[in-house]
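Below: one structure, written as structure tokens.
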Amino acid sequence: MPERSLILLGAGGHASVVAESAVAAGWNILGYCAAEPSREAGCGALAVPWLGDVDHPKPDLERHLANGARVHAAVGDAKLRERWSARFGVEKLATIVHPGTWISPSAAIAPGVYVGAFAVINATAIIGIGTIVNTGAIIEHGVRVGSYVHCAPRSTLAGLAEVGDRSLIGAGAVVLPFVKVGADAIVGAGAVANRDVEPRATVVGIPAKPVEARV
Ligand SMILES: CC(C)(COP(=O)(O)OP(=O)(O)OC[C@H]1O[C@@H](n2cnc3c(N)ncnc32)[C@H](O)[C@@H]1OP(=O)(O)O)[C@@H](O)C(=O)NCCC(=O)NCCS
């Protein structure tokens, strides 16, 4: 078995992006877990086998794990990503980094993180378990990002900002320097958060203000 063998958890759009990034980074994808076989996923396009549901996998999954394969939860839903990652344990989680990124050598990246194409993670930033730093996202110096966060495409966390666990920083949103976003919060697409965001709050607009969110 090659050293970097991977099983993807999930088969939706995000999984297709992660699958292609993983292949570009030299991972060998052995298969994917999802509720049912998918023709949509990059996994499907790459013609790798379906290994059953995450909670009821086929025996092949255990065999691959015993042979050293890693898993990566490739799903946008933070709580699902957390649950699936926990099922396999941190030591089994693969961090997938698209080769076209800049990650500072002084940054600390936890297991299970995805870093997409054109993303930048600058000096001394810290990224928690299972976080998505999506296409073109910028994480500036000294930023602290919790676990299972999603920094959506082209979002920017300015220097020394902080983001709590499971929060979503929407596409193109900006969190200004020193601003703290609480856990389970949402900063809407295109928003500029210039003040701290309460845990579980949703904020939108420029400057970002709270809004009742359905999601
Ligand atoms: C903020 C967000 C979560 C709200 O979603 P929602 O709960 O479904 O809320 P609604 O779409 O019903 O919008 C509620 C109100 O906020 C406004 N609103 C929603 N998103 C907004 C945004 N990003 N910026 C400004 N206003 C926004 C709506 O126009 C609506 O205003 P109204 O009541 O005056 O009509 C969502 O719009 C968003 O921005 N999600 C980020 C998505 C993203 O970037 N995903 C990454 C994918 S890779």
Side-chain angles (χ1 to χ4, degrees), residues 8-22 24-25 32 34 38 40-45 72-85 95-98 100-101 103 109 112-121 127-140 143 145-158 161-176 179-215:
L8 284 176
L9 311 178
H14 180 60
S16 68
V17 173
V18 173
E20 293 181 356
S21 298
Y32 68 99
S38 167
E40 178 200 352
C43 326
H72 182 93
V75 61
D77 182 300
K79 290 197 168 138
L80 199 51
R81 209 156 65 248
E82 184 170 25
R83 186 168 75 74
W84 283 355
S85 298
T95 289
I96 308 296
V97 179
H98 189 286
T101 58
I103 299 181
I109 314 290
V113 167
Y114 170 67
V115 187
F118 303 111
V120 171
I121 301 177
I127 312 291
I129 298 167
T131 279
I132 300 169
V133 179
N134 222 326
T135 316
I138 295 178
I139 313 294
E140 263 306 331
V143 165
V145 182
S147 297
Y148 307 106
V149 172
H150 182 178
C151 303
R154 296 208 65 163
S155 60
T156 300
L157 303 181
E162 292 182 22
V163 179
D165 295 345
R166 294 172 301 276
S167 289
L168 166 64
I169 311 299
V174 179
V175 179
L176 291 186
V179 168
K180 295 181 173 58
V181 176
D184 300 293
I186 298 174
V187 177
V192 175
N194 61 341
R195 302 219 192 297
D196 291 357
V197 176
E198 293 291 315
R200 294 175 297 284
T202 296
V203 298
V204 298
I206 303 174
K209 300 264 193 298
V211 67
E212 277 302 314
R214 292 189 309 254
V215 292

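Counting convention: from 1, in listed order, for ligands and their atoms alike. Positions are given from 1 along the sequence. Atom set for the values below is all heavy atoms of this structure, side chains included, hydrogens, waters and symmetry mates excluded.
Distances from atom 20 (N) of ligand 1 to the heavy atoms of Ile186, Val204, Ile132 put Val204 nearest. When Pro153, Ser155, Ala173 are checked for heavy-atom proximity to atom 48 (S) of ligand 1, Pro153 turns out nearest.
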Q: Just do the side-chain contact (heavy atoms from CB on, under 4.5 Å) check on Val120 and Ile139 with the steps written out, would you?
A: CA-CA 6 Å; Val120 171; Ile139 313 294; over 6 Å; no
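Proximity to Ala152 (heavy-atom distance under 4.0 Å) selects the following atoms of ligand 1: 46 (C). Every atom of ligand 1 with a heavy atom of Gly170 under 4.0 Å away is listed here by number and element: 44 (O). Each of the following atoms of ligand 1 lies closer than 4.0 Å to a heavy atom of Val211: 15 (C), 16 (O). Every atom of ligand 1 with a heavy atom of Gly188 under 4.0 Å away is listed here by number and element: 1 (C), 23 (N), 39 (O).
The shortest N or O to N or O distance between Ala171 and ligand 1 is below 3.5 Å. At under 3.5 Å, a nitrogen or oxygen of Ala189, whether backbone or side chain, sits near a nitrogen or oxygen of ligand 1.
Ser167 contributes no side-chain N or O that, together with a main-chain N or O of Val181, makes up a donor-acceptor pair within less than 3.5 Å.
A 6.0 Å sphere centred on CD of Glu162 holds more than 12 heavy atoms belonging to other residues, nucleotides or ligands.
We find the CZ-CG distance between Arg195 and Leu176 to be 10.0 Å, quoted to the nearest 0.5 Å.
Partners of His14 by ring pair (Phe, Tyr, Trp, His ring centres under 6.0 Å), not counting sequence neighbours, listed by chain and number: Tyr114. In this structure, Asp165 has no salt bridge (charged side-chain N to carboxylate O under 4.0 Å, His left out) partners at least two apart in sequence or on a different chain.
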